[in-house]
Amino acid sequence: MAVAQLPGAAVDFARFLAGLTALLDRRSGWLAVFLERDPDGMRACLAGSELPPWDVVDALLQDLAADQGAAAARTEAATARTLHAAATAAHDAGPGAAAALAGRLDGMLREQRYAAERFQELTAHRATATTQEAAAALDVDLAWAEDDHRRATARCAELRARSDALATPAAAVRAPAPAAPAPAPERPAKQTKPRKRPRGGARFAGIAEEAAGPPQPPAPVAPAPAAAVRGARFAGVADPAEEPAPSRPGPEDAHAAGGAVAHLHALRAQGRGGEAHVLLAELAGWPAPRLPLLAAELHRAGLEADWATLLWEVAALPPAGLVAAADALAAAGRGADARQLLRQGVARPAPEIADALHLLTGDGRDRQARALAGAYLAVRSPEDAAGVARSDPDRLVPLLLDAARGVSEERHWDLVHAFRVAGVLA
């Protein structure tokens, strides 16, 4: 379709997008990834015949912020949001738009499930890595898989909002607000050779998922020991009988969670993404019993991408807060979220994990220490654990071996071997 045949709003956004990409270095950042991953899709978006999902636009604005500063990006972001919303309405006003959106949503839901499965499989494979090189490579793949899932979740929310707007004509079309980027991987560096695992989903713009077909499943990987065996509520460690139950949230907690999500929704609707991210960072420090309430409210509001961001923020809490948050999620029946939170929380260098275990055991919080150790052992190699134990074998070797038994007998004996090789166990 020629640009002249397109609705005016689509032409306006295409021109804006062309101007934005002209300001960016095509050899680095997200633009380089998108051009490499899906050049045809990028050309279609620049021509106006296809509309990129908002996360793609937001990624390009991140490139602009990195290249020309945050002030320039904020100025362009306001224009981008207005033009993108108008172009969305124009695209969705055409014949057959409802059916097309339904088809794309179905395809993107498959992408979301695939990304989640891929992350779980890579996590299991990472737990069996026997060399630092293999572990490092898997860490990169895990970061890509995490980002794929975050983007797919955001795109599903965007497609649902567009479908809802068509079903309720009076409803305003609202483009999803920029999702704060996950801690890893960082903004892509300059491209000197094709990436093995570019991020951004099956096709960067979510275009023609049906034609492309569902992604091929990855090759089978060796399963890791289950992370939730022998009675633990979320980490496969400790006896539930000795765990104090997390305090139950009260009416004031529910009211606070509802108010916070309403505020977040308003910020997103106004395109105030920076303030929304600040709010999410503040919410991460709230009392742990409120976290499941926030999860429920965010999903109810269609802000699934913000829930993923909030989990990343909580994962950066000090270890006691991290474990308390996982406790609260598991007690509320959100075991998958609790396990994901702990996996993210233990993605720290061995000395930091050792310091955290020292702090917890020194304060008499043995259950939290075992939970953190169990989560670490479920996703990291025995050699990594030996690095943790090296700082204080007398205290940390027994703790880690006890936690390993909560993962599996196989993991326990693998850890014994790694400790002997490292010289921290006779």
Do other residues, nucleotides or ligands put more than 12 heavy atoms under 6.0 Å from the NE2 atom of His299?
yes

Pairing donors with acceptors under 3.5 angstrom, does anything connect the side chains of Arg395 and Thr361?
yes

Looking only at the side chains, is there a donor atom on one of Glu313 and His277 sitting less than 3.5 Å from an acceptor on the other?
yes

Any chance you could measure [X], atom [atom1], to [Y], atom [atom2], to the nearest 0.5 Å?
X: Leu291; Y: Arg334; atom1: CG; atom2: CZ; answer: 8.5 Å
X: Arg118; Y: Leu142; atom1: CZ; atom2: CG; answer: 8.5 Å
X: Leu329; Y: Asp337; atom1: CG; atom2: CG; answer: 5.5 Å
X: Leu311; Y: Asp306; atom1: CG; atom2: CG; answer: 11.5 Å
X: Leu24; Y: Asp63; atom1: CG; atom2: CG; answer: 5.5 Å
X: Trp30; Y: Leu61; atom1: CH2; atom2: CG; answer: 13.0 Å

So, [X] and [Y], do they make that salt bridge, N to O below 4.0 Å?
X: Arg43; Y: Asp38; value: no
X: Glu297; Y: Arg300; value: yes
X: Asp58; Y: Arg151; value: no
X: Arg150; Y: Asp55; value: no
X: Arg290; Y: Glu282; value: no

Would you please name every residue forming a ring pair (Phe, Tyr, Trp, His ring centres under 6.0 Å) with Phe13, sequence neighbours left out?
His84

With side chains defined as the heavy atoms from C-beta onward, is the minimum distance between [X] and [Y] less than 4.5 Å?
X: Val323; Y: Arg367; result: yes
X: Leu401; Y: Phe419; result: yes
X: Asp148; Y: Glu111; result: no
X: Leu360; Y: Asp366; result: no
X: Leu396; Y: Ser391; result: yes
X: Arg110; Y: Arg113; result: yes
X: Glu50; Y: His91; result: no

For the student: nearest non-hydrogen atoms of [X] and [Y], plus distance:
X: Ala32; Y: Arg26; value: CB-O, 3.3 Å
X: Ala418; Y: Glu383; value: CB-N, 4.2 Å
X: Pro393; Y: Pro398; value: O-CD, 3.5 Å
X: Ala10; Y: Gly48; value: CB-O, 4.1 Å
X: Trp54; Y: Ala77; value: CH2-O, 4.5 Å
X: Leu372; Y: Ala356; value: CD2-CB, 3.8 Å

Taking side chain to side chain donor-acceptor pair (under 3.5 Å) as the test, write out the residues that go with Arg160, two or more places apart.
none

Which residues pass the salt bridge (charged side-chain N to carboxylate O under 4.0 Å, His left out) test with Arg390, sequence neighbours left out?
none

Apply salt bridge (charged side-chain N to carboxylate O under 4.0 Å, His left out) to Glu275 and list each qualifying residue two or more places apart in sequence or on a separate chain.
Arg272

Can a cation-pi geometry be assigned to Arg405 and Trp413, taking NZ or CZ under 6.0 Å from the six-membered ring centre and within 45° of the ring axis?
no

Between Asp253 (side chain) and Gly250 (backbone), is there a donor-acceptor pair under 3.5 Å?
yes

With sequence neighbours excluded, tell me which residues meet side-chain contact (heavy atoms from CB on, under 4.5 Å) with Asp355.
none

With sequence neighbours left out, the residues meeting side-chain contact (heavy atoms from CB on, under 4.5 Å) with Thr130 are none

